[in-house]
Undergrad: 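Handing you a structure now.
Keep in mind that this is a model prediction, so the values were computed, not measured. Numbers restart at 1 for each chain; the letters A, B, ... are given by sequence-line order, proteins then strands.
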Amino acid sequence: MKYRTHLSSEISEALAGREVIIAGWIHLKRDLGGKKFLIIRDKDGYIQVVISRKEQPKLAELFYELTPESTVSIRGTVKLDKRAPNGYEIVPAEIIVHSRAKAPLPLDVSGKVPADIDTRLRERVLDLRRDESRAYFKIISVALRAIREELYRRGFIEIFTPKIIATATEGGAALFPVAYFGREAYLAQSPQLYKELMAGAFERVFEIAPAWRAEESDTPYHLAEFISIDMEMAFADYNTVMEVLENVVYRAVKAVKEECVKELKILNYEPPDIRLPLKRFKYVDVIKALQEAGHNIKVGDDIGTPELREFCKVVKEDLFFIVDWPSEAKPFYTMPRKDNEMFTESFDLNWRFLELASGSTRVHIKDLLIKRLKEKGLNPESFRYFLKWFDYGIPPHAGWGMGLGRFALMLTGARNIREVTLFPRDKKRLKP
RNA sequence: GCCGCGGUAGUAUAGCCCGGCCUAGUAUGCGGGCCUGUCGAGCCCGUGACCCGGGUUCAAAUCCCGGCCGCGGCGCCA
């Protein structure tokens, strides 16, 4: 017997009387004695199978051996019946059990009893069979495709930079050490330096790949391993790449709203409507607004989460840029402003209090890079292999990086980045 | 790392403040029974739990101390 001839989504009233083979998981069983119902789940949805004790005594016996989440193929006839969900169901002739699930399940997949996120992550594969979980990852996939399409449309090429690196790319964040053939190596915290160099070869590049931070961060918005969407663009400044970013976001949201109607309904969530251009607030004006709201904050300070919560309430914006950050708040490769080098050509994209993306015009002049490295307390010598290429015509360039998980929170309404990460890695979690 | 809250059957919860009426309640699951149209099926019977260690007390799920774990808020962090 073939595994399957039709997905649940391919069965309709038009197939009435036809023999089909469906395949999937046993989602629910309902036993009414003479009539027994199986709800079969596949990647697209659900379909009901009905067994009559009188007419199918052998299958009625088999029914008792079927456990929830077992995988089966069922050969049967499509039958129209007003009493069935959607008006049709399958009358089986044969049921093949491919893999019998142990009972009871460590997690209720059918959604009758909720489970804590901790339990769900422990039982993640079962959890990922739930409608909500599958909706999250469908939405993320649709968004990723839209992001790629928009960047390709604008003449970017997709690249992969090395993830095992010899030294810290930019100082600051702690790195995970790796044993590399007897030498010291690290997992990349960011593709930053490599993507800048690639802008010096391909002009427009992007990368969607994991990055690692060995930070103590323990919040619903940080992970030790996360997917970063990075781009870098030659002959561009931060205004140009901000425009690319807001268009990428716009396209992704549009695609999700158009293609994920079912998923958004499952999640009972509607992503924000986006009107371009997004508002740009100057860093100094944000500080001023916060001071007026009574916060003890001064120019030069980073803007913390409580302050950002306050700020988006005050300005009544959900999605906005904060631009022209002070030099001390941004990394060494960030270009200082020409009119005032205390500030930089830089931006954060915020959704409410959450920093989705950050970017800047980059420094493409070697002497200035060395000066900035020293100001940050970093040793230019350890960046020798990065710096030397700046002797050979690195163009002016700009770029940004966006955290996929954080973006996914905006797209899905999830409250914890672990929800939208298949197998999250955080301070405490290394398995599964 | 700091602050707050929490840890009770497979899962989710009640009980804890005010120690004994707890033989630890409920839902769901699981096992069994009844039931020919369920769609959170229903009804009956059964099954299964107080995070670990120490202390207070005649008596601890309940109070105290320590540990471990979780969630949230911060911090750290391109």
Side-chain angles (χ1 to χ4, degrees), chain A residues 27-39 46-56 60 64 67-69 79 81-87 89 91 101-123 126-127 130 168-175 188-193 195-196 211-224 226 228-230 302 304-309 325 329-334 344 346-349 353 355-360 362 376 399-403 406 415-416 418 426-429:
Chain A
H27 187 69
L28 281 174
K29 292 168 67 180
R30 293 196 195 97
D31 184 3
L32 277 69
K35 280 277 165 67
K36 299 172 198 308
F37 299 95
L38 288 171
I39 309 298
Y46 302 88
I47 186 154
Q48 176 165 289
V49 173
V50 61
I51 298 168
S52 162
R53 186 169 55 195
K54 209 160 95 189
E55 284 148 44
Q56 300 140 288
Y64 292 103
T67 51
E69 294 308 310
K79 191 186 112 202
D81 193 316
K82 281 199 289 280
R83 296 167 298 185
N86 304 319
E89 61 196 354
V91 179
K102 234 165 80 178
L105 297 166
L107 189 80
D108 174 27
V109 178
S110 72
K112 275 183 252 180
V113 183
D116 294 335
I117 187 156
D118 187 43
T119 307
R120 291 177 28 224
L121 291 174
R122 193 181 68 229
E123 310 297 342
L126 286 174
D127 180 57
R130 296 169 50 252
T169 38
E170 47 193 288
L175 305 180
Q189 67 180 123
S190 148
Q192 184 62 35
L193 304 183
K195 69 173 173 164
E196 286 195 46
W212 294 269
R213 306 271 164 92
E215 294 295 337
E216 295 290 290
S217 307
D218 191 8
T219 82
Y221 320 106
H222 290 81
L223 290 176
F226 64 99
S228 183
I229 303 164
D230 274 276
D302 204 357
T305 306
E307 287 79 18
L308 283 170
R309 286 181 199 269
W325 289 75
K330 288 290 168 185
F332 72 90
Y333 50 78
T334 312
T344 56
S346 59
F347 61 89
D348 279 5
L349 175 65
F353 59 89
E355 182 191 324
L356 296 183
S358 69
S360 62
R362 320 300 195 187
K376 292 279 171 191
W400 45 257
M402 176 160 72
R406 291 184 175 190
R415 298 289 184 83
N416 190 317
R418 290 159 184 80
D426 59 35
K427 213 178 143 191
K428 299 279 175 58
R429 241 176 294 264

Undergrad: Ignoring hydrogens and angles, does a donor from either the side chain of K427(A) or the base of rG75(B) sit under 3.5 Å from an acceptor on the other?
TA: no
Undergrad: For rC39(B), does OP1 or OP2 lie under 4.0 Å from any side-chain N or O of N86(A)?
TA: no
Undergrad: Would you classify G304(A) as touching base, sugar-phosphate or nothing, given that sugar-phosphate means primed atoms plus P, OP1 and OP2, and contacts are heavy atoms under 4.0 Å?
TA: sugar-phosphate
Undergrad: Need one value for D348(A): base, sugar-phosphate or nothing, where a base atom within 4.0 Å counts as base even if backbone is also close, heavy atoms only.
TA: nothing
Undergrad: From the list rG1(B), rU38(B), rC35(B), which nucleotide is the closest neighbour of the side chain of Q48(A)?
TA: rU38(B)
Undergrad: What's touching nucleotides 29-33 of chain B from the protein side, N or O pairs under 3.5 Å?
TA:
from	atom 1	to	atom 2	distance (Å)
rG29(B)	OP1	K112(A)	NZ	2.9

Undergrad: Without decimals, in angstroms, what is the distance between D218(A) CG and rG73(B) C1'?
TA: 11 Å
Undergrad: Which value, in whole Å, describes the distance between the C1' atoms of nucleotides rC51(B) and rG7(B)?
TA: 6 Å
Undergrad: Does some side-chain heavy atom of S52(A) sit less than 4.5 Å from a side-chain heavy atom of K35(A)?
TA: yes
Undergrad: Side chain of P220(A) only, heavy atoms from C-beta on: which candidate in rC77(B), rG73(B), rA78(B) is closest?
TA: rG73(B)
Undergrad: Indicate, with a heavy-atom threshold strictly under 4.0 Å, whether D230(A) touches base, sugar-phosphate, or nothing.
TA: base
Undergrad: Please state the P separation for the pair rU56(B) and rU62(B) - nearest whole angstrom.
TA: 15 Å
Undergrad: Could you state the CG-P distance from L126(A) to rA12(B), rounded to the nearest angstrom?
TA: 13 Å
Undergrad: For rU47(B), give the paired nucleotide (Watson-Crick: N1-N3 plus N6-O4 or O6-N4; G-U: N1-O2 and O6-N3; both under 3.5 Å), or none.
TA: rG29(B)
Undergrad: Closer than 3.5 angstrom, by distance alone: can the side chain of T67(A) be matched with the main-chain N or O of A101(A) as a donor-acceptor pair?
TA: yes
Undergrad: What does Y221(A) touch in the nucleic acid at a heavy-atom separation under 4.0 angstrom: a base, only the sugar-phosphate, or nothing?
TA: sugar-phosphate
Undergrad: Counting only N and O atoms by type, is there a donor-acceptor contact under 3.5 Å from the side chain of R406(A) to the main-chain atoms of Y221(A)?
TA: yes
Undergrad: Just call it for K428(A): base, sugar-phosphate, or nothing, with non-hydrogen atoms closer than 4.0 Å on any strand.
TA: sugar-phosphate
Undergrad: So what does A84(A) touch, heavy atoms closer than 4.0 Å: a base, only the sugar-phosphate, or nothing?
TA: base
Undergrad: Select base, sugar-phosphate, or nothing to describe what P114(A) touches, counting heavy atoms under 4.0 Å on all strands.
TA: sugar-phosphate
Undergrad: Just how far, in rounded Å, is P of rC76(B) from CD of Q189(A)?
TA: 17 Å
Undergrad: Applying a 3.5 Å limit to both distances, which nucleotide forms a Watson-Crick or G-U wobble pair with rC58(B)?
TA: rG20(B)
Undergrad: Counting any heavy atom closer than 4.0 Å, what does T219(A) reach on the DNA or RNA strands: base, sugar-phosphate only, or nothing?
TA: base
Undergrad: Nearest-Å distance, CG (L107(A)) to C1' (rA12(B))?
TA: 11 Å
Undergrad: Under 4.0 angstrom, heavy atoms only, what part of the nucleic acid is R429(A) near: base, sugar-phosphate, or nothing?
TA: sugar-phosphate
Undergrad: Report the base-pairing partner of rG6(B) (Watson-Crick or G-U wobble, both distances below 3.5 angstrom), or none.
TA: rC69(B)
Undergrad: What's E89(A) touching, base or sugar-phosphate or nothing? Going by heavy atoms closer than 4.0 Å.
TA: base
Undergrad: I'd like to know if D116(A) pairs up with R122(A) as an ion pair, taking the criterion as any Lys NZ or Arg NE/NH1/NH2 lying under 4.0 Å from an Asp or Glu carboxylate oxygen.
TA: no
Undergrad: Using atom C1' in both nucleotides, what's the gap between rA61(B) and rA14(B) to the nearest angstrom?
TA: 12 Å
Undergrad: Just to be sure I understand the rule, does T305(A) reach a base, reach only the sugar-phosphate, or reach nothing, if contact means heavy atoms closer than 4.0 Å?
TA: sugar-phosphate
Undergrad: Check for me whether R362(A) meets the cation-pi criterion with Y333(A), that is, NZ or CZ under 6.0 Å from the six-membered ring centre and within 45 degrees of the ring axis.
TA: no
Undergrad: Starting at CZ of R122(A) and ending at C1' of rA12(B), how long is that distance when rounded to a whole Å?
TA: 13 Å
Undergrad: Would you mind pulling out the nucleotide paired to rG37(B), Watson-Crick or G-U wobble, both distances under 3.5 Å?
TA: none
Undergrad: Closer than 3.5 angstrom, by distance alone: can the side chain of E89(A) be matched with the main-chain N or O of K79(A) as a donor-acceptor pair?
TA: no
Undergrad: Toward the 5' end of RNA chain B, which comes first, R120(A) or M402(A), by nearest nucleotide?
TA: R120(A)
Undergrad: About how many Å separate CG of N416(A) and OG1 of T219(A), when rounded to the nearest 0.5 Å?
TA: 8.0 Å
Undergrad: Closest-nucleotide mapping onto RNA chain B: is K82(A) or E216(A) further toward the 5' terminus? I mean the 5' end.
TA: K82(A)
Undergrad: If I pick the P atom on rU13(B) and the same atom on rG72(B), what distance separates them, to the nearest angstrom?
TA: 14 Å
Undergrad: Can a salt bridge be assigned to the pair K330(A) and D348(A) using a cut-off of 4.0 Å between side-chain N and carboxylate O?
TA: yes
Undergrad: What nucleotide, of rG1(B), rG73(B), rC71(B), holds the atom closest to the side chain of I117(A)?
TA: rC71(B)
Undergrad: Take atom P in rU11(B) and the same atom in rG20(B), then report the distance between them in whole Å.
TA: 27 Å
Undergrad: Looking only at side-chain atoms of D118(A), point me to the closest of rU11(B), rG70(B), rU36(B).
TA: rG70(B)
Undergrad: When the P atoms of rA27(B) and rU47(B) are considered, how many whole Å apart are they?
TA: 15 Å
Undergrad: Once each nucleotide of nucleotides 43-52 of chain B is scored for protein heavy atoms under 4.0 Å, what B/S/- sequence comes out, 5' to 3'?
TA: ----------
Undergrad: Remember a base hit wins even if backbone is also touched, and classify R418(A) as base, sugar-phosphate or nothing at under 4.0 Å, heavy atoms.
TA: nothing
Undergrad: Classify K195(A) by what it touches in the nucleic acid, base, sugar-phosphate, or nothing, heavy-atom distance under 4.0 Å.
TA: nothing
Undergrad: I need the D108(A) CG to T119(A) OG1 distance, nearest 0.5 Å.
TA: 12.5 Å
Undergrad: When you get a sec, tell me which of rA12(B), rU11(B), rC76(B) is the closest nucleotide to the side chain of D116(A)?
TA: rA12(B)
Undergrad: May I have the distance from R30(A) (atom CZ) to rU36(B) (atom C1'), rounded to whole angstrom?
TA: 15 Å
Undergrad: How many Å lie between CD on E355(A) and C1' on rC76(B), as a whole number?
TA: 13 Å
Undergrad: Rounded to the nearest 0.5 Å, what separates atom CZ in R30(A) from atom CG in L38(A)?
TA: 10.0 Å
Undergrad: Nearest to the side chain of Q192(A) - rG73(B), rA78(B), rG10(B)?
TA: rA78(B)
Undergrad: Please work out if K102(A) contacts a base, only the sugar-phosphate, or nothing of the nucleic acid, heavy-atom cut-off 4.0 Å.
TA: nothing
Undergrad: Take atom C1' in rU23(B) and the same atom in rA9(B), then report the distance between them in whole Å.
TA: 16 Å
Undergrad: With a 3.5 Å cut-off and heavy atoms only, can you find an N or O donor on one side and an acceptor on the other between the side chain of E215(A) and the base of rG1(B)?
TA: no
Undergrad: Report yes if at least one side-chain N or O of R213(A) is closer than 4.0 Å to OP1 or OP2 of rC77(B); otherwise report no.
TA: no
Undergrad: Has K35(A) got a side-chain N or O lying under 4.0 Å from the OP1 or OP2 atom of rA41(B)?
TA: no
Undergrad: List the residues meeting side-chain hydrogen bond (donor to acceptor under 3.5 Å, both in side chains) with D230(A), not counting sequence neighbours, and say none if there are none.
TA: K195(A), S228(A)
Undergrad: OP1 or OP2 of rG75(B) sitting under 4.0 Å from any side-chain N/O of S217(A)?
TA: no
Undergrad: For rC52(B) versus rC34(B), give the span between their C1' atoms, rounded off to a whole number of Å.
TA: 45 Å
Undergrad: Does rC74(B) have OP1 or OP2 sitting under 4.0 Å from an N or O in the side chain of R309(A)?
TA: yes
